[in-house]
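Some notes on the structure that comes next.
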Amino acid sequence: MLYWDYAAAAPPYEEVVRTVEQIMRLHYANPSSLYRAGLETAQLVQRAREVCAAALGVQPSEIRFTSGATESNNLAVKGAALQYQGRGRHIVTTEIEHPSVYDSCLQLQKLGWEVSFIAPDGRGVIDPERIAAAIRKDTVLVSVMHVNNEVGSVQPLAEIGRRIKAANRRTLFHVDGVQGYGKLETRLREWQADLYSLSPHKIRGPRGVGLLVIKDGIELSPLLTGGSQESGLRAGTENVPGIVAAAKAVRMSGEAREAFAARVTPLRDRLLSFLRGIPEFVVNSSEEGAPHIVNFAYPGMKGEVMARKLEELGMLVATRSACSSRHAEPSRVLLAMGLGNEAALGGIRISFGDIHTPEDVEKLEQALLAAKSALKIAEGGV
Ligand code: PMP
């Protein structure tokens with residue numbers, strides 16, 4: 001089996017597995033305890049905060065640990081909306097955000113907030129001009145992802161950040177950085193990002209831990225209350241093994257970023273030109289996108305049917321974001337990019353990791369050809 005779903009979950013670094021095990025065995029004391037073992041565990045969390053801050057170019061006081069990027073995104077969006085509702089109840093986001101941002105906005109909409117959803121162009125890129133035009137006096141938050149998880153499109157964050165702050169300097173800027181970190185440069189200061197979410201398990205770290213960078217001076221209304229952990233922002237005993245191992249993955253994948261891109265970009269380019277040579281396929285990614293994600297559709301063939309056939313042929317691929325892949329609806333992202341219903345039901349996502357070789361891509365190409373000829377439109381007909 002060849003695994004082509006790194007954007008859903010990347011296998012952890014050996015060091016990450018070892019760290020989780022070691023900390024679980026040796027440092028099980030609760031970091032809030034007053035005795036020495038507790039203080040030592042608290043120091044491990046603080047050290048992890050410093051490592052993450054250094055990798056992201058921010059202050060340790062700006063790093064908060066959560067249970068994953070889904071929580072980080074919920075906290076950024078709802079926490080900012082609740083905290084700053086005195087300033088206004090308007091949010092700007094895009095039609096291609098991950099459900100953890102998108103559905104948080106829908107929930108706020110039901111509660112009386114106004115949300116402007118900005119459409120991307122045909123490549124899945126958001127025009128900064130459109131963001132700027134949507135900002136009002138009562139806009140408390142703009143949330144735009146770095147790299148789209150389904151098609152890999154990269155958003156012009158520096159320009160978006162500049163336009164947001166020019167339109168309303170009190171509007172906060174949140175970036176979902178989950179698919180960008182370790183693949184592209186992360187420049188929070190240049191983007192003028194106030195809030196930034198990260199998911200360690202996408203960068204070969206552990207599951208069950210996430211990061212939210214909160215610029216010093218910004219307050220969020222907590223979603224989880226009942227304890228003073230994470231400066232009162234996120235109650236609950238800290239996942240110390242996860243936090244320490246996450247810091248390791250953030251550092252290691254940050255250091256490996258250029259090598260990662262150098263390795264996977266030629267593989268991505270090769271696969272893109274192969275796919276473009278197949279007239280039945282619609283290619284939804286491009287060389288301008290992130291180096292690790294390729295999306296294509298076989299209009300008329302459900303993505304699930306194609307993915308199952310590819311699995312039979314030894315290739316594990318995704319249809320869309322793992323969080324919504326079990327839904328039989330067309331992809332919201334592909335629809336927003338202007339694809340028709342048939343194509344939006346047929347999206348396949350292939351995501352690369354640093355283990356892949358040109359020989360692996362060759363095998364994938366053969367499997368794609370075999371799957372295409374094996375599947376008749378009637379089988380997966382939509
Ligand atoms: N944002 C994006 C862009 C993602 O791809 C994902 C993972 N599918 C998430 C947020 C959620 O991350 P987590 O799995 O850590 O909750």
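For ligands, and for the atoms within them, numbers begin at 1 and follow the listed sequence. The shown structure was predicted, so the numbers you read here are calculated from the model rather than taken from an experiment.
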Looking at [Y] and [X], is any side-chain nitrogen of the basic one under 4.0 Å from a carboxylate oxygen of the acidic one?
| X | Y | value |
| --- | --- | --- |
| E359 | K363 | no |
| R308 | E304 | no |
| E114 | R89 | no |
| E238 | R49 | no |

Plane angle bin for Y196 and W191 - parallel if under 30°, tilted between 30 and 60°, otherwise perpendicular: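 W191 and Y196: tilted rings.
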Location of contacts on N73 toward ligand 1, heavy atoms closer than 4.0 Å: side chain
V178, portion touching ligand 1 at heavy-atom distance under 4.0 Å: side chain
Nitrogen or oxygen of T70 less than 3.5 angstrom from that of ligand 1: yes
Min N/O separation A69 to ligand 1 under 3.5 Å: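 Yes, A69 has an N/O under 3.5 Å of an N/O on ligand 1.
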Proximal atoms of ligand 1 relative to [X] (non-hydrogen, under 4.0 Å):
| X | result |
| --- | --- |
| D176 | 1 (N), 2 (C), 3 (C), 10 (C) |
| H201 | 13 (P), 14 (O), 15 (O) |
| S199 | 12 (O), 13 (P), 15 (O) |
| M145 | 3 (C) |

R207 near ligand 1 by a heavy-atom separation under 4.0 Å: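 Not so, R207 does not reach ligand 1.
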Quiz item: cation-pi between R332 and Y102, 6.0 Å / 45°: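 Yes, R332 and Y102 form such a contact.
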Criterion side chain to side chain contact (heavy atoms under 4.5 Å, CB included) on Q85 and V140, from CA distance to verdict: CA-CA 8 Å; Q85 54 186 317; V140 287; over 6 Å; no
